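Single-structure report; data block below.
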Amino acid sequence: MTALHVHNTMTRRKEKFEPLDPAHVKMYVCGPTVYDDAHIGNARPVVVFDVLARLLRRLYPKVTYARNITDIDDKIIVRAAERGVHIDTVTADTIANYHADMAALGALPPDMEPRCTRSIPGMLAMIETLVDKGHAYAAEGHVLFAVASYADYGKLSGRSRDEQIAGARVEVAPFKRDPADFVLWKPSTPDQPGWDSKWGRGRPGWHIECSAMAKDVLGITIDIHGGGLDLTFPHHENEIAQSQCAHGGVQFSKYWMHNGFLVVNGEKMSKSLGNFFTVRDLRARAPGEAIRLLLLKTHYRAPLDFTDEGLRQAKLNLDRWYRLLQISDALLDSSQKEADRLNPMDVPPDILRALCDDLNTSEAIARIGEFIVDKGYRHHRDGNLTELRMAADELRSAAAMLGLLQVNPEAWFKQTLNATGIPSRNSFGSSTIGNTKPLEVHMEEYEIDTAIAARLAARKAKNFAEADRIRDDLKAKGIVLEDGPKGTSWKRDG
RNA sequence: GGCCGGGUAGCAAAGUGGUAAUGCAGGGGACUGCAAAUCCCCUAUACGGCGGUUCGAUUCCGCCCCCGGCCUCCA
């Protein structure tokens with residue numbers, strides 16, 4: 001059996017993954033702050049850790065994967081004020097969009113999705129413990145974590161205390177004992193959301209939520225804590241400080257995994273720079289699986305340049321994969337297909353080996369293309385139907401590990417993109433993404449069938465000019481025809 | 001300044017102590033009424049630079065250069 005190895009940010013090297021309890025693996029990933037639609041950079045960790053969760057489930061009998069939703073935050077309060085609605089409206093809308101977007105990318109829901117607003121008691125309990133143990137103090141309605149009380153502070157991100165102070169670029173609140181101290185609890189004005197506490201009515205700071213929720217749903221020590229690279233400091237550093245100080249120094253997470261950034265034209269894609277694409281916009285330009293494949297084609301720790309050309313290629317790759325399944329399916333009768341489903345092939349060893357090597361999805365995808373898809377087409381050419389069918393099965397199970405090839409081939413080729421016509425609030429116009437616009441003409445299937453029949457008649461009459469005219473007309477409307485031995489089939493090609 | 005990641009053909013992206021997959025793009029062919037899809041063949045003197053270790057380095061070590069990131073809004 002292949003042993004899983006993962007890169008641990010804490011040690012900065014690849015380590016063998018040895019769960020605390022092989023009978024129950026626990027993973028926590030930082031989820032979104034729900035004030036705005038998810039952009040593709042937010043989607044990367046979701047897809048990456050979705051693959052990791054699938055892999056862990058394949059390797060261990062029980063896996064609990066928790067991903068939180070931060071639904072109380074100043075950005076949300078600001079957004080609600082801007083829109084003139086209640087904060088709950090902002091969070092409910094955003095969460096609904098988030099779930100729809102992530103589902104479109106083929107990400108399975110996490111086992112648990114704790115929300116801050118429902119975890120306040122846990123946070124207050126942890127804050128109280130920290131105060132009692134001398135790791136936190138109250139000042140002017142705030143409760144702050146005393147960084148000086150934790151000797152290992154800075155270990156995850158590899159920075160010393162001096163450096164932090166030298167690098168501090170924000171004004172230090174006067175009530176802080178130490179410039180590096182961070183807020184656990186802060187006071188709310190009457191018009192701001194708040195909860196009663198022994199330090200007055202207020203709301204949690206940014207970092208305490210994850211510490212408290214991880215403990216609530218997974219326990220004191222977890223196996224893997226994941227998130228984007230930019231969370232390493234200060235967010236995860238602070239989580240470690242809070243959790244380990246509250247729990248008498250007991251380790252918070254055994255492994256820390258961070259995904260790299262998406263870049264656009266060489267620059268980090270981020271909300272603060274404004275150079276981002278929402279998942280919702282991209283869904284109108286490419287199928288969710290194509291977006292997912294593009295995200296997985298680059299190793300998760302490497303920077304990923306997200307481009308139109310990349311999206312186009314990912315779509316082409318999937319077309320080729322689905323085509324093989326379609327060919328295989330067409331050669332089998334329904335009873336055989338049913339038998340396949342009853343006896344799914346296990347994940348090909350090469351694929352498993354690649355994923356076990358610190359989630360090397362790039363290599364897994366390369367091997368799928370090279371050794372499975374190519375092989376399948378070779379068997380097709382040579383007329384080896386049994387081998388073709390085996391290759392198709394292999395492809396299905398390999399792709400399933402990556403969350404790909406999850407629809408049937410017919411549906412894939414005939415799908416219509418998610419053209420809601422509603423641009424996201426922050427869509428970014430002047431970019432390399434977006435050259436492929438959704439088609440304005442949408443043809444219903446019966447219209448297509450009618451056109452195909454007309455073309456067939458023209459072909460029979462050797463009126464090829466008319467036949468080609470019909471084909472060109474369909475092409476202009478995004479319908480591509482393919483003449484095969486069993487007649488003409490079509491696909492949408494947005 | 002400190003710390004971190006990356007630099008492989010036109011583009012994308014694996015990998016390796018013995019001179020390097022694959023995809024897209026490009027060229028030719030089979031098939032087709034023509035296409036599409038599929039198949040076959042071909043193409044590129046691609047491992048940022050300089051040293052070191054070695055019989056031999058793109059792969060290990062050192063230094064340097066370039067790009068990007070973090071240093072309390074950020075996935």
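Chain naming here is simple, since letters A, B, ... match the order of the sequence lines and numbering starts at 1 in each. Note that the structure is a prediction, hence the values are computed from the model and not measured. Values below: all heavy atoms of this structure, side chains included; hydrogens, waters and symmetry mates excluded.
- With rounding to whole Å, N317(A) atom CG is found 14 Å from A14(B) atom P.
- Counting non-hydrogen atoms under 4.0 angstrom, I365(A) reaches nothing in the nucleic acid.
- Counting any heavy atom pair closer than 4.0 Å across all strands shown, T232(A) reaches no nucleic acid atom.
- R67(A) comes within 4.0 angstrom of nothing in the nucleic acid, heavy atoms only.
- Atoms CG (L456(A)) and C1' (G33(B)) sit 14 Å apart, rounded to a whole Å.
- Between Y65(A) and D50(A), the side chains place no donor N or O within less than 3.5 Å of an acceptor N or O (distance only, hydrogens not considered).
- With a cut-off of 3.5 Å on both Watson-Crick or G-U wobble distances, the partner of A44(B) is given as none.
- G6(B) and A14(B) have their P atoms separated by 11 Å, given to the nearest Å.
- Side-chain contact of H299(A) with S362(A): a donor-acceptor pair under 3.5 Å is absent, judged by distance alone.
- If you check C34(B) for Watson-Crick or wobble pairing at under 3.5 angstrom, you find it has no partner at all.
- If you check every strand for non-hydrogen atoms under 4.0 Å, N360(A) touches sugar and phosphate atoms only.
- Ranking A13(B), C4(B), A21(B) by closeness to the A366(A) side chain, first place goes to A21(B).
- The nearest whole Å value for the distance from the CZ atom in R367(A) to the P atom in A21(B) is 13 Å.
- In this structure, L316(A) places its CG atom 14 Å from P of A36(B), rounding to the nearest Å.
- Scanning atom types as modelled, one donor and one acceptor separated by under 3.5 angstrom connect the side chain of R471(A) and the base of A35(B).
- Pair assignment for A21(B): none, as no Watson-Crick or G-U wobble contacts are both less than 3.5 Å.
- Ring orientation note: the planes of H135(A) and F145(A) are close to parallel, at an angle under 30° on the 30°/60° scale.
- Of the candidate nucleotides A37(B), C70(B), C24(B), A37(B) has the atom lying nearest to any side-chain atom of R323(A).
- Remark: P of G68(B) and NE2 of H299(A) are 22 Å apart, rounded to the nearest angstrom.
- Within the 4.0 angstrom heavy-atom criterion, base atoms lie near D468(A).
- Closest heavy-atom contact between R292(A) and R54(A): NH2-NE, 3.6 Å.
- Look at the C1' atom in both A30(B) and G23(B): the space between them is 23 Å, to the nearest Å.
- G68(B) is paired with C4(B) under the criterion used here, namely a Watson-Crick or G-U wobble arrangement in which both key atom distances are under 3.5 Å.
- When the nearest nucleotides of RNA chain B are assigned to E482(A) and G369(A) by heavy-atom distance, the more 5′-ward of the two goes with G369(A).
- Note: Y322(A) and F413(A) have perpendicular aromatic rings, judged against thresholds of 30 and 60 degrees for the angle between ring planes.
- Each of G68(B), C4(B), C39(B) was ranked by its minimum atom distance to the side chain of V263(A); first place goes to G68(B).
- Between U8(B) and G48(B), the distance separating the two C1' atoms is 10 Å to the nearest Å.
- The local environment of NZ in K414(A) is crowded, with over 12 non-hydrogen atoms from other residues, nucleotides or ligands closer than 6.0 Å.
- In this structure, F261(A) reaches the bases: a heavy-atom distance under 4.0 Å links it to at least one base atom across the strands shown.
- Regarding contacts with the backbone of A36(B), every side-chain N or O of R320(A) stays at 4.0 angstrom or more from both OP1 and OP2.
- Nucleotides U32(B) and G26(B) have their C1' atoms positioned 23 Å apart, rounded to a whole Å.
- Looking only at side-chain heavy atoms (C-beta outward), R67(A) and P45(A) stay at 4.5 Å or farther from each other.
- Within 4.0 Å of S489(A), counting heavy atoms only, lies no atom of the nucleic acid at all.
- The side chain of V480(A) lies closest to A36(B) when the candidates are U38(B), A36(B), C34(B).
- Considering only side-chain atoms of K491(A), the nucleotide from A37(B), A13(B), C4(B) that sits closest is A37(B).
- If you check C24(B), U72(B), A14(B) against the side chain of E363(A), the one that comes closest is A14(B).
- For K460(A) and C34(B), the NZ to P distance is 19 Å, given to the nearest whole Å.
- Atoms CG (D308(A)) and C1' (A25(B)) sit 16 Å apart, rounded to a whole Å.
- Checking C24(B), U38(B), A14(B) against the side-chain heavy atoms of Q313(A) singles out C24(B) as nearest.
- Here the nucleotide nearest the side chain of R381(A), chosen from G23(B), C39(B), G68(B), is C39(B).
- Summary of the strand contacts: P303(A) and H380(A) both lie near RNA chain B, and taking for each the nucleotide with the nearest heavy atom, the more 5' one is attributed to P303(A).
- Counting non-hydrogen atoms under 4.0 angstrom, L481(A) reaches a base of the nucleic acid.
- When the P atom is used for both G15(B) and C41(B), the distance is 26 Å, rounded to whole Å.
- Partner assigned to C60(B) is G52(B), using Watson-Crick or G-U wobble distances below 3.5 angstrom.
- Between the base of G33(B) and the side chain of R459(A) there is a donor-acceptor pair shorter than 3.5 Å.
- For C4(B) and A37(B), the P atoms lie 48 Å apart once the distance is rounded to whole Å.
- H235(A) and H207(A) have tilted rings, their planes meeting at an angle from 30° to 60° on a 0 to 90° scale.
- Look at S362(A) and you'll find a side-chain N or O under 4.0 angstrom from OP1 or OP2 of A14(B).
- Atom CG of N463(A) is separated from atom P of G33(B) by 16 Å (rounded to the nearest Å).
- Between G33(B), C73(B), G6(B), one nucleotide has an atom nearer to the side chain of K75(A) than all others, and that is C73(B).
- Nucleotides C66(B) and U54(B) are separated by 29 Å at their C1' atoms, to the nearest Å.
- Nucleotides C11(B) and A46(B), compared at atom P, are 12 Å apart to the nearest Å.
- A 4.5 Å side-chain heavy-atom check between R323(A) and H380(A) finds every atom pair outside the cut-off.
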